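Working notes, structure below.
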Amino acid sequence: MSFNTDKLIVFSAPSGSGKTTIVRHLLEQTDLPLAFSISATTRAPRGTEKDGEDYYFLSPEAFKSKIEKGEFLEYEEVYPGLFYGTLASEVKRLWNEKKAVLFDIDVMGGMSIKKSFPAETLTVFIQPPSIKTLEKRLRSRNTDTEETLQIRLSKAQQELDQAQTFDEIVINDDLATALSQTEELVRSFLAK
Ligand code: 5GP
């Protein structure tokens, strides 16, 4: 099977929807020519996160300077005071490696990418079965303070309201099913 790598695949989902697990699963399929778009962010690294692997961690000043120089394909203030964005250089780097690019970005960012590259982009929304399930997952993950959790839940509700604007919606009720559905979507989108 040959694949078209001049493509962009955007995954958006409220945090706690299992999006990271799904994206990781796709990247493990070694026959698929996929690479992950490393975003820039002004938030601090969490746990074992590494600069240049999980994110490009930038100071607010460095981030602002890149905005002014027009270096972002898109950027958003995803949470109050915290900026995240996709650098044009990142997509260029991965396309040069003959890889289709996977994004894990918020709903607004996903729409901006689609607008810039309508013919090349597939947008996929990963939907949790319900906001209650999402709250349970976030609580059991236990990495957030109550305040952060409330902020994440309120953003999740806003994002769920926009799911219909995506090309595809995958409901992550049963993880194995969601993984195979997503893999199928990606395979047929990349198939030449
Ligand atoms: P976290 O802080 O949990 O790593 O990410 C928070 C949110 O930021 C996630 O919903 C993620 O999808 C979003 N995000 C990560 N990178 C980008 C980016 O480059 N652009 C946009 N618009 N959102 C991003």
Side-chain angles (χ1 to χ4, degrees), residues 8-27 35-60 62-64 66-67 69-95 101-117 121-128 131 134-135 137-163 165-166 168-170 172 182:
L8 305 173
I9 306 172
V10 173
F11 287 94
S12 294
S15 64
S17 312
K19 175 183 50 170
T20 312
T21 311
I22 291 174
V23 167
R24 252 189 230 137
H25 169 81
L26 290 169
L27 292 168
F36 183 68
S37 167
I38 302 168
S39 295
T41 182
T42 61
R43 85 148 162 75
R46 274 200 301 252
T48 58
E49 286 179 337
K50 285 202 185 70
D51 183 48
E53 266 179 39
D54 300 280
Y55 281 104
Y56 300 113
F57 293 101
L58 300 181
S59 66
F63 199 100
K64 195 162 164 237
K66 287 188 185 296
I67 296 174
K69 289 192 218 143
E71 292 183 24
F72 284 105
L73 283 182
E74 64 76 32
Y75 69 90
E76 296 291 331
E77 185 174 1
V78 174
Y79 298 112
L82 294 180
F83 289 80
Y84 296 75
T86 306
L87 291 162
S89 58
E90 182 66 6
V91 170
K92 210 167 151 194
R93 176 176 81 82
L94 300 172
W95 269 352
V101 185
L102 281 193
F103 298 85
D104 171 351
I105 63 180
D106 82 339
V107 165
M108 296 298 288
M111 288 178 185
S112 307
I113 298 279
K114 179 91 182 175
K115 218 168 165 190
S116 305
F117 298 95
T121 306
L122 175 72
T123 55
V124 184
F125 190 85
I126 308 293
Q127 189 168 309
I131 199 97
L134 189 70
E135 180 170 354
R137 286 186 195 165
L138 286 176
R139 288 196 186 281
S140 66
R141 196 163 84 172
N142 210 11
T143 52
D144 298 314
T145 61
E146 183 62 27
E147 191 194 353
T148 311
L149 193 119
Q150 290 307 330
I151 293 172
R152 284 182 188 273
L153 283 177
S154 124
K155 180 162 172 76
Q157 188 57 60
Q158 286 167 27
E159 295 202 316
L160 286 173
D161 295 342
Q162 301 194 51
T165 61
F166 279 65
E168 302 285 349
I169 298 178
V170 172
N172 185 9
T182 317

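Bear in mind the structure is a predicted one, so any value in this text is a computation, not a measurement. Ligands are counted one by one from 1 in listed order, and the atoms in each one are counted from 1 as well.
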- Query: Picking from L102, L122, T123, what satisfies side chain to side chain contact (heavy atoms under 4.5 Å, CB included) with F11?
  - Reply: L102
- Atom-level proximity to ligand 1, residues with heavy atom under 4.0 Å: K19, S39, R43, R46, Y55, E74, E76, V78, Y79, Y84, G85, T86, D104, I105, D106, G109, R152
- Item | Contact summary for F36 and D54, nearest pair of heavy atoms | CE2-O, 4.4 Å
- For the student: nearest non-hydrogen atoms of A40 and F72, plus distance: CB-CE2, 3.9 Å
- Can a salt bridge be assigned to the pair E146 and R139 using a cut-off of 4.0 Å between side-chain N and carboxylate O? yes
- Item | Heavy-atom side-chain proximity of I38 to R93 below 4.5 angstrom | yes
- Query: Considering the options T41, V107, D106, which one meets the side chain to side chain contact (heavy atoms under 4.5 Å, CB included) requirement together with V78?
  - Reply: D106
